[in-house]
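Values reported hereafter were calculated over all heavy atoms of this structure, with side chains retained and with hydrogens, waters and symmetry mates removed.
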Amino acid sequence: MKFFTFAAFVALLAVASANDVKERIKQHRESQKLDRENLIKMLSNRHDRRMLKLGELLSARKKEIDDHNSGRRRLNSEDHARVLRQVTNFQRKLDEMNSKDKEEHQRFLEHEADAYDRMNSIDYIDFDK
């Protein structure tokens, strides 16, 4: 009898906490909901920060290569190849990001905003099972 009471209590607690968690997730999403203009502004700021970071990373890697070539700080062959690869990749990404015109960039931001909305509309936890 004690086991049955305990099992019923645990089951009731699990159902109650699942509903509570679902409600808390819903409240969190509603509090985090951005209007489309602010969402696009946030995504644009993130894009600008990424470009700045790529520029910083690129200049740091170029400095490493310059230091290696001048003999100040020699890199072993593995590190030298890695840094050269990173310089190429960072430069390619920056060139790609800078080559977009304003219309293409705006379409990209609209697409990202749509993806953000779709992602936040999905219930990742299925509470009905």
Side-chain angles (χ1 to χ4, degrees):
M1 184 67 179
K2 288 181 181 180
F3 176 74
F4 178 73
T5 305
F6 178 73
F9 177 72
V10 168
L12 182 64
L13 184 63
V15 169
S17 68
N19 288 334
D20 182 47
V21 169
K22 187 173 185 177
E23 186 61 32
R24 286 180 24 214
I25 289 173
K26 184 178 176 184
Q27 288 173 354
H28 176 73
R29 283 186 177 168
E30 287 172 359
S31 70
Q32 297 290 323
K33 190 134 177 104
L34 298 171
D35 63 1
R36 189 128 178 112
E37 183 180 322
N38 286 334
L39 178 59
I40 289 176
K41 203 177 294 184
M42 179 193 74
L43 292 170
S44 180
N45 288 339
R46 184 178 72 180
H47 181 266
D48 294 342
R49 285 192 315 269
R50 182 166 186 237
M51 286 185 63
L52 286 174
K53 186 64 175 177
L54 280 172
E56 291 171 5
L57 291 171
L58 180 62
S59 63
R61 296 312 183 273
K62 283 182 177 180
K63 184 175 181 340
E64 283 186 57
I65 293 296
D66 290 344
D67 288 348
H68 171 79
N69 291 337
S70 68
R72 275 181 278 189
R73 185 174 182 273
R74 300 296 290 177
L75 299 170
N76 62 32
S77 61
E78 191 175 296
D79 288 339
H80 186 262
R82 176 185 53 84
V83 171
L84 282 177
R85 212 173 36 251
Q86 288 175 339
V87 165
T88 304
N89 290 336
F90 292 155
Q91 187 65 56
R92 179 183 47 81
K93 289 177 187 178
L94 268 176
D95 291 343
E96 181 182 320
M97 292 170 89
N98 286 328
S99 69
K100 293 182 181 177
D101 61 357
K102 284 196 177 284
E103 290 176 8
E104 188 177 1
H105 182 67
Q106 189 62 32
R107 280 195 309 271
F108 171 76
L109 291 176
E110 293 286 338
H111 176 75
E112 286 294 310
D114 291 340
Y116 183 87
D117 288 338
R118 280 193 311 273
M119 181 185 71
N120 282 331
S121 67
I122 297 173
D123 281 334
Y124 293 100
I125 303 173
D126 189 9
F127 294 97
D128 298 328
K129 291 184 180 180

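Within 6.0 Å of the NZ atom in K100, the count of heavy atoms belonging to other residues, nucleotides or ligands exceeds 12. Atom CZ of R46 is surrounded by 12 or fewer heavy atoms from other residues, nucleotides or ligands within 6.0 Å. In the displayed structure, H105 atom NE2 is contacted under 6.0 Å by more than 12 heavy atoms of other residues, nucleotides or ligands.
Between Q106 and the options E103, K102, E110, a side chain to side chain contact (heavy atoms under 4.5 Å, CB included) holds for only E110.
Put simply, CD1 on I65 and CG on L75 are 6.0 Å apart, with the number rounded to the nearest 0.5 Å. To the nearest 0.5 Å, atoms CG (L94) and CG (N89) are separated by 11.5 Å. For the atom pair R85 CZ and F90 CZ, the distance stands at 11.0 Å (nearest 0.5 Å). Interatomic distance, CZ of F108 versus NE2 of H47, reported as 6.0 Å (0.5 Å rounding). Between L54 atom CG and Q91 atom CD the span is 10.0 Å, to the nearest 0.5 Å. Taken to the nearest 0.5 Å, the CG atom of L39 stands 9.5 Å off from the CD atom of E112.
A 4.5 Å side-chain heavy-atom check between S99 and E104 finds every atom pair outside the cut-off.
Between K63 and D66 there is no salt bridge, since no side-chain N of the basic residue sits under 4.0 Å from a carboxylate O of the acidic one.
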message: As a quick check of understanding, evaluate side chain to side chain contact (heavy atoms under 4.5 Å, CB included) for K41 and E37, giving each step before the final call.
response: CA-CA 6 Å; K41 203 177 294 184; E37 183 180 322; 4.1 Å; yes
Salt bridge (Lys or Arg N to Asp or Glu O under 4.0 Å) evaluation trace for D79 with R82: CA-CA 5 Å; D79 288 339; R82 176 185 53 84; 3.7 Å; yes
Just distance, no hydrogens or angles: give the donor-acceptor pairs under 3.5 Å from side chains in residues 55-62, sequence neighbours left out.
unit_1: S59; atom_1: OG; unit_2: G55; atom_2: O; d: 3.3
unit_1: S59; atom_1: OG; unit_2: E56; atom_2: O; d: 2.9
unit_1: R61; atom_1: NE; unit_2: Q86; atom_2: OE1; d: 2.6

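No continuous path of ILVMFWY side-chain contacts below 4.5 Å connects I40 to M51, so the two sit in separate hydrophobic clusters.
For R73 (side chain) and H68 (main-chain N/O), no donor-acceptor pair under 3.5 Å exists by modelled atom type.
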